[in-house]
Amino acid sequence: MQLTIEELDGGITRVILDGRMDIEGAAQVDLKMNVVAGSSQSLLLDLQKVTFLGSMGLRSIVVPSQNVRRRGGKVVLFAPIPLVEEVLKTSNINTLLPIHHELDAALDALK
Amino acid sequence: MMSETHVHETGARLTLDSQLADLTLVWPWVDALALQYAISDQTKFAVSLCLEEALSNIIRHGHSCMPNHPITVDCAPNGESWLMFIVEDSAPPFAPSESLTPNPAAAPASIEDVTPGGQGIILMRRFADTLAWERLPNGNRLTLGFQIASPALAAS
């Protein structure tokens with residue numbers, strides 16, 4: 001599991017996740033995710049390259065997102081593949097963290 | 001709820017110890033099964049998801065991450081269009097009645113209401129085609145069924 005961070009205009013932090021967010025992958029990114037979330041006000045979680053998402057991977061998304069939102073920040077999920085999106089929707093995470101498939105719409109949602 | 005299907009052909013067995021590190025054994029095992037039975041990427045995703053959820057629940061909640069409690073996963077085809085997975089453990093009784101009853105996840109009011117890591121059973125209900133639990137004299141048996149395409153089985 002790999003994690004890449006890009007700082008975009010408008011104070012938006014884009015976190016690109018790449019790989020399987022299974023229990024092992026989640027453990028690999030948890031610390032970095034929490035560090036990023038600790039300092040970001042607008043977080044775009046780019047899920048395009050996430051090929052698997054289990055409940056421990058969900059935890060790796062939810063915990064840092066809670067952190068950002070408690071500080072009044074915003075989080076959006078970007079472009080998950082259909083099966084990953086199905087996991088997000090089954091868990092109703094999408095009702096709290098909006099999913100966008102167009103980058104412009106995702107960035108607008110963070111403004 | 002008990003499944004009405006029965007595994008009747010020789011399959012494969014994976015044995016894990018009751019520690020989360022052993023979950024890394026699941027992926028290569030499922031990969032090999034996916035090749036053997038030519039299952040779709042979608043079904044492979046579902047199998048991997050359900051096994052990870054089931055096994056992590058057993059290890060974390062059934063055995064409190066204490067090692068030295070073997071958990072077995074048996075895989076076998078059932079006819080030409082089903083692949084069955086039977087997970088057996090020696091953990092205290094799992095309470096299945098409320099957990100396995102179809103009950104779509106309620107929308108949480110806020111993100112603070114989401115229990116991190118607590119979506120396992122909801123996901124299994126959604127991604128497995130059949131899901132059944134029974135109490136064993138010294139543990140639990142969870143049976144997961146997945147519909148698969150038939151050509152590879154028919155040819156084997």
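Atom set for the values below is all heavy atoms of this structure, side chains included, hydrogens, waters and symmetry mates excluded. Because the structure is predicted, anything quoted here is derived from the model rather than measured. Lettering follows sequence order; numbering is per chain, from 1.
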Side-chain touch [X]/[Y], heavy atoms, less than 4.5 angstrom:
X	Y	value
A:Met56	B:Arg60	yes
B:Ile122	A:Ser91	no
B:Leu23	A:Glu24	no
A:Ser55	B:Leu123	yes

### Query
Side chain, backbone, both or neither: which part of B:Gln42 has an atom under 4.5 Å from a heavy atom of chain A?
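For B:Gln42, the contact with chain A is made by backbone and side chain together.
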
### Message
So which atom in A:Leu53 and which in B:Leu49 form the shortest heavy-atom distance, rounded to 0.1 Å?
### Response
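Answer, listing the atom of A:Leu53 first, then B:Leu49: O-CD1, 3.5 Å.
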
#### Entry: Qualifying salt bridge (charged side-chain N to carboxylate O under 4.0 Å, His left out) pairs with a residue from residues 14-30 of chain B, counting only residues at least two apart or across chains
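Every pair satisfying salt bridge (charged side-chain N to carboxylate O under 4.0 Å, His left out) with a residue in residues 14-30 of chain B: there are none.
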
Is there a chain of hydrophobic side chains (I, L, V, M, F, W, Y, each step under 4.5 Å between heavy atoms) that links [X] to [Y]?
X	Y	result
A:Val84	A:Val76	no
B:Trp133	B:Val87	yes
A:Ile81	A:Val15	yes
B:Val73	B:Ile39	yes
A:Met21	A:Val35	no

### Query
Roughly how far apart are A:Ile23 CD1 and B:Leu55 CG, rounded to 0.5 Å?
9.5 Å

### Message
Rounded at 0.5 Å granularity, tell me how far OG1 in A:Thr90 sits from CE in B:Met124.
### Response
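Interatomic distance, A:Thr90 OG1 to B:Met124 CE, rounded to 0.5 Å: 13.0 Å.
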
### Task
Check each atom of A:Thr51 against the heavy atoms of chain B and say whether the ones under 4.5 Å are side chain, backbone, both or neither.
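Just the backbone, heavy atoms under 4.5 Å.
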
### Interchain contact, A:Val75 with chain B, by part (heavy-atom threshold 4.5 Å)
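Neither part, no heavy atoms under 4.5 Å.
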
### Task
Name the orientation class of the two ring planes belonging to A:Phe52 and B:Phe45 (parallel below 30°, tilted from 30 to 60°, perpendicular beyond 60°).
tilted

### Message
Does A:Gln48 have more than 12 heavy atoms from other residues, nucleotides or ligands lying within 6.0 Å of its CD?
### Response
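Correct, the count exceeds 12.
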
